[in-house]
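Report on the structure given below.
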Amino acid sequence: MVSATSVKEALNSSAPRDEIAVQGWVRTRRDSKTFSFIELNDGSSLRSLQVIAQNSLPNYSDVQRLQTGASVRVVGKLVASQGKGQQWEVAADEVQIIGASDETYPLQKKGHTPEFLREIAHLRPRSNLFGAVFRVRSRLAYAIHTFFQERGFVYVHTPIITGSDCEGAGELFRVTAIDPTNPPRRADGSIDYAKDFFARCTYLTVSGQLEAEAFACALSKVYTFGPTFRAENSNTSRHANEFWMIEPEIAFCDLNCDMDLAEETVKHLIRDVREHCDEDLQLFAKFVDKELLARLDFVIERPFHRITYTDAVELLGKSGENFEFPVGYGLNLQSEHERWLTEKHFKAPVTVFNYPKEIKPFYMRLNDDGETVTAMDVLVPGIGEIVGGSQREERLDVLEQNMRRHKMDPADYKWYLDLRRYGSVPHSGFGLGFERLLMFVTGVPNIRDVIPFARTPGSAEF
RNA sequence: UCCAGCGUAGCUCAGUGGUAGAGCGAUCGGCUGUUAACCGAUUGGUCGUAGGUUCGAAUCCUACCGCUGGAGCCA
């Protein structure tokens, strides 16, 4: 049996071949007088390979009944195409029907809306758009590892199941092995989680940051890349309950170093996809977002604007815009404010830093002014916040004060405070939303369409 | 969770109180080195679900479910 060649390799061939085997799924089929055109796609490429099946084939009547979605293996010759629109085509000597399809196959030749395709998430990777999205997703994941590995970062697998219910990062999914119909109870009737599987309350992680800090304070430069879970009832195009995050953490690194790394990371990842996924990006530029390529190139070339929270508030106050929500020191920047900064004013990614301590979590380092903390958010046009990070508070006494101010008990975080007791160092890190970056890179406006099988409130099918 | 809009054929939609429609798809036939082909015919429905108003409801009212956009939370 001839070993199969991918459609991508066949299309990129530099010479005809006397014998070639290709296999994949029928995108569409057309009859001509004495033969049939089969468009074959195997996901290796956006493009399909045209197969010519002559009526002299012994199973030609079966070939003529081939429907969109069927799987076939074709053995034949790779020859220069007589028609326009493609360089190569396969003249079939044999068309083996592996798996038939029928008229109920939901993917039609014409375009479908992303909303409809979302309902058939198991079949949508067979569409042009979603095939492209998930090829880019794969490349982006690969680029994340090469970026950090080439710079000496160590990849750390932080736990998915965690006992840290804190962090103030949204609501958590409880992980339990307790029988809900018959839970162990304490004397006061409350559920006794000390008798649960891990002998304590456990949850799906909302962030690997605290654990990554422990490893940064040993291996100097580390990153995590894995799934995180938020039980927020968020119904937006930018939120999912299961998503992937990249979290670098660097010892001996201050906020400026952190902002430099965030900018370099985002630029590198965009540049990598720009170079390696051109065909797929062209599809997005054509059907999803006409401005996509220009915006990506702009982001790669220009420095990100950096502005303190205080200056950003002042800029927004003087903007003359009639915002729905008030602008003022001590208030969170609203989506409309972030959008104005990045889309209207700077027309580029913007890094906002040094936020008031009141609106940021306990672990961020207090600045000398006693009012602001070393937080930084990278905002990009169309998406909003794509990176959130900070320099961490490395001073034991200040960190304990921060905890108390956030109504947390330092005793619950002994191991985290130990990092400040023994050889504490200034260190920084950030979280980069993988799907948000993918949305930015592809122009796809809904996070549900860049996740293979999205988990959102009320929806966990597949 | 809040605000707004939408839910009619496999898909995209029209129909705003009086017999359920179009385009595309699919099926059959014709034509053709075609390529979101072309020409002709055929096929197509629990009008999201449950109540209510009415002589009569896809259409008006109520509740629920789902989707979309915006907001909050954040990545």
Side-chain angles (χ1 to χ4, degrees), chain A residues 27-40 47-54 64-65 67-69 79-86 89 91 101-120 127-128 167-171 206-209 225 227-247 262 287 323-325 332-339 359-361 377-380 383-389 430-440 445-451 456-459 461:
Chain A
R27 277 296 175 80
T28 173
R29 193 186 55 77
R30 293 175 292 277
D31 283 328
S32 189
K33 196 164 190 173
T34 61
F35 58 91
S36 196
F37 294 103
I38 300 169
E39 265 187 50
L40 192 70
R47 289 177 293 159
S48 298
L49 181 62
Q50 179 162 288
V51 173
I52 310 295
Q54 297 288 350
Q64 279 194 304
R65 282 197 296 272
Q67 276 161 317
T68 306
V79 298
S81 178
Q82 295 174 32
K84 290 174 183 169
Q86 62 279 316
E89 64 190 20
S101 184
D102 68 32
E103 66 279 357
T104 63
Y105 185 68
L107 288 170
Q108 299 170 182
K109 260 186 278 194
K110 58 179 231 154
H112 284 297
T113 61
E115 289 80 17
F116 170 68
L117 292 169
R118 211 177 286 154
E119 295 170 16
I120 48 168
S127 68
N128 285 337
E167 236 237 86
E171 296 169 50
V206 293
S207 165
Q209 181 199 316
F225 179 33
T228 47
F229 307 87
R230 307 268 165 100
E232 295 284 346
N233 190 7
S234 297
N235 279 290
T236 82
S237 56
R238 302 176 305 284
H239 292 85
N241 297 295
E242 176 180 327
F243 62 98
W244 284 55
M245 210 163 37
I246 302 110
E247 294 182 290
F287 292 110
F323 293 118
E324 187 187 346
F325 293 92
N332 265 311
L333 294 182
Q334 304 285 326
S335 287
E336 59 173 346
H337 305 145
E338 295 179 350
R339 200 170 290 155
I359 58 174
K360 289 293 178 183
D377 287 346
V378 177
L379 314 174
V380 295
I383 313 285
E385 185 179 339
I386 197 169
V387 168
F430 60 83
L432 169 61
F434 183 59
E435 283 81 8
R436 292 213 177 149
L437 183 62
L438 194 52
M439 289 165 73
F440 185 74
N446 195 309
I447 197 167
R448 287 167 252 245
D449 296 331
V450 298
I451 300 178
T456 50
S459 178
E461 208 189 340

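A, B, ... follow the sequence lines: proteins, then strands. Residue 1 opens every chain.
One atom, CZ of A/R448, and another, P of B/G66, lie 12 Å apart when rounded to the nearest Å. Spacing between atom CD of A/E119 and atom C1' of B/C65 amounts to 14 Å, rounded to whole angstrom units. Straight-line distance from the CD1 atom of A/I120 to the C1' atom of B/G10: 10 Å, rounded to whole Å. If you measure from atom CD1 of A/I52 to atom P of B/G33, you get 12 Å, rounded to the nearest angstrom. When rounded to the nearest whole Å, the span between CD of A/E385 and P of B/C74 equals 8 Å. Nucleotide B/G69 holds its P atom 12 Å from the CD1 atom of A/I383, rounded to whole Å. Distance, A/I359 CD1 to B/C73 C1': 14 Å, rounded to whole Å. In this entry the distance linking CZ of A/F35 with P of B/U34 reads 8 Å, nearest Å.
Using a 4.0 Å heavy-atom criterion, one finds that A/I447 contacts the bases of the nucleic acid, with or without backbone contacts as well. Using a 4.0 Å heavy-atom criterion, one finds that A/I386 contacts the sugar-phosphate atoms exclusively. A/F116 comes within contact range of the sugar-phosphate backbone alone, with a heavy-atom separation under 4.0 Å but no base atom that close. Looking at heavy-atom distances under 4.0 Å, A/G384 makes no contact with the nucleic acid at all. Looking at heavy-atom distances under 4.0 Å, A/N446 makes contact with sugar-phosphate atoms alone, never a base. If you check every strand for non-hydrogen atoms under 4.0 Å, A/S36 touches nothing.
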Stepwise, does the side chain to side chain contact (heavy atoms under 4.5 Å, CB included) test hold for A/R238 with A/I447? CA-CA 5 Å; A/R238 302 176 305 284; A/I447 197 167; 5.6 Å; no
Test side chain to side chain contact (heavy atoms under 4.5 Å, CB included) on A/L107 and A/I120 and set out the steps. CA-CA 9 Å; A/L107 288 170; A/I120 48 168; 4.1 Å; yes
Tell me, with the steps shown, if A/L40 and A/S48 meet side chain to side chain contact (heavy atoms under 4.5 Å, CB included). CA-CA 5 Å; A/L40 192 70; A/S48 298; 5.8 Å; no
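No donor-acceptor contact under 3.5 Å links the side chain of A/R30 to the base of B/C38. Side-chain atoms of A/E39 and base atoms of B/U34 include no donor and acceptor less than 3.5 Å apart. Evaluation of atom-type donor-acceptor distances gives a pair under 3.5 Å for the side chain of A/E89 against the base of B/G33.
With 3.5 Å as the limit, one finds a donor-acceptor pair spanning the side chains of A/E89 and A/S81. Side chains of A/S207 and A/E247: a donor-acceptor N/O pair is present below 3.5 angstrom, by distance only.
Comparing the C1' positions of B/C74 and B/A4 gives an interatomic distance of 23 Å, to the nearest angstrom. Taking atom P in both B/U12 and B/C64, one finds a spacing of 26 Å when rounded to whole Å. Remark: the separation of the C1' atoms in B/A58 and B/G21 is 12 Å, to the nearest Å. Comparing B/U32 with B/G44, their C1' atoms are spaced 28 Å from each other, to the whole Å. With P as the reference atom, B/U1 and B/G17 are 35 Å apart, rounded to whole Å. Using atom P as the reference point in both B/U54 and B/U49, the two lie 23 Å apart (nearest Å). With P as the reference atom, B/G56 and B/G18 are 14 Å apart, rounded to whole Å. Comparing the P positions of B/U59 and B/G51 gives an interatomic distance of 14 Å, to the nearest angstrom.
Across all strands shown, B/A4 forms a Watson-Crick or G-U wobble pair with B/U68, both key distances being under 3.5 Å. In this structure, B/G17 makes no Watson-Crick or G-U wobble pair, since no nucleotide meets both defining distances under 3.5 angstrom. Remark: B/C60 base-pairs with B/G52; criterion is Watson-Crick or G-U wobble with both hydrogen-bond distances under 3.5 Å. Pairing for B/G23 goes to B/C11, judged as Watson-Crick or G-U wobble with the two contacts each under 3.5 Å. Partner assigned to B/C74 is none, using Watson-Crick or G-U wobble distances below 3.5 angstrom. For B/G44, there is no paired nucleotide, since no Watson-Crick or G-U wobble pair has both relevant distances below 3.5 Å.
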Name the pairs: protein N/O against N/O of nucleotides 70-72 of chain B, kept only if under 3.5 Å.
residue : atom : partner : partner atom : Å
B/A71   : OP1  : A/R339  : NH2          : 3.4
B/A71   : N6   : A/N235  : O            : 3.4
B/G72   : OP1  : A/Q334  : OE1          : 2.2
B/G72   : OP1  : A/S335  : N            : 3.4
B/G72   : OP2  : A/S335  : OG           : 2.9
B/G72   : N2   : A/N233  : O            : 3.3

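Between A/H337 and A/F323, the ring center distance clears the sub-6.0 Å criterion.
Dashed line: the shortest gap from a side-chain N or O of A/S32 to OP1 or OP2 of B/G33 is under 4.0 Å.
Summary of the strand contacts: A/G111 and A/E115 both lie near RNA chain B, and taking for each the nucleotide with the nearest heavy atom, the more 5' one is attributed to A/G111.
Although no hydrogens or angles enter the test, the distance criterion places a donor-acceptor pair under 3.5 Å between the side chain of A/E336 and the main chain of A/E324. Remark: the backbone N or O of A/F243 is paired with a side-chain donor or acceptor of A/T228 at under 3.5 angstrom. In this structure a side-chain-to-backbone donor-acceptor pair under 3.5 Å is present from A/E232 to A/E171.
Ring-to-base geometry does not place A/F434 in a stacked arrangement with B/A75 (centre distance under 5.5 Å, plane angle under 30° required).
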Contact letters for nucleotides 22-29 of chain B, in which S counts primed atoms plus P, OP1 and OP2 and B counts the base, heavy atoms under 4.0 Å: -BBSSS--
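The CD1 atom of A/I386 sits 8.5 Å away from atom CZ of A/R436, with the distance rounded to the nearest 0.5 Å.
Note: A/F37 and A/F35 have perpendicular aromatic rings, judged against thresholds of 30 and 60 degrees for the angle between ring planes.
The two residues A/D377 and A/G388 have their closest heavy-atom pair at OD1-CA, 3.5 Å. Here the closest heavy-atom approach between residue A/I383 and residue A/M439 is recorded as CD1-CB, 3.7 Å.
When each of B/C11, B/U32, B/A75 is scored by its nearest atom to the side-chain atoms of A/D31, the top-ranked nucleotide is B/U32.
Classified by its glycosidic torsion, B/U53 falls in the anti category, the angle being over 90° from 0.
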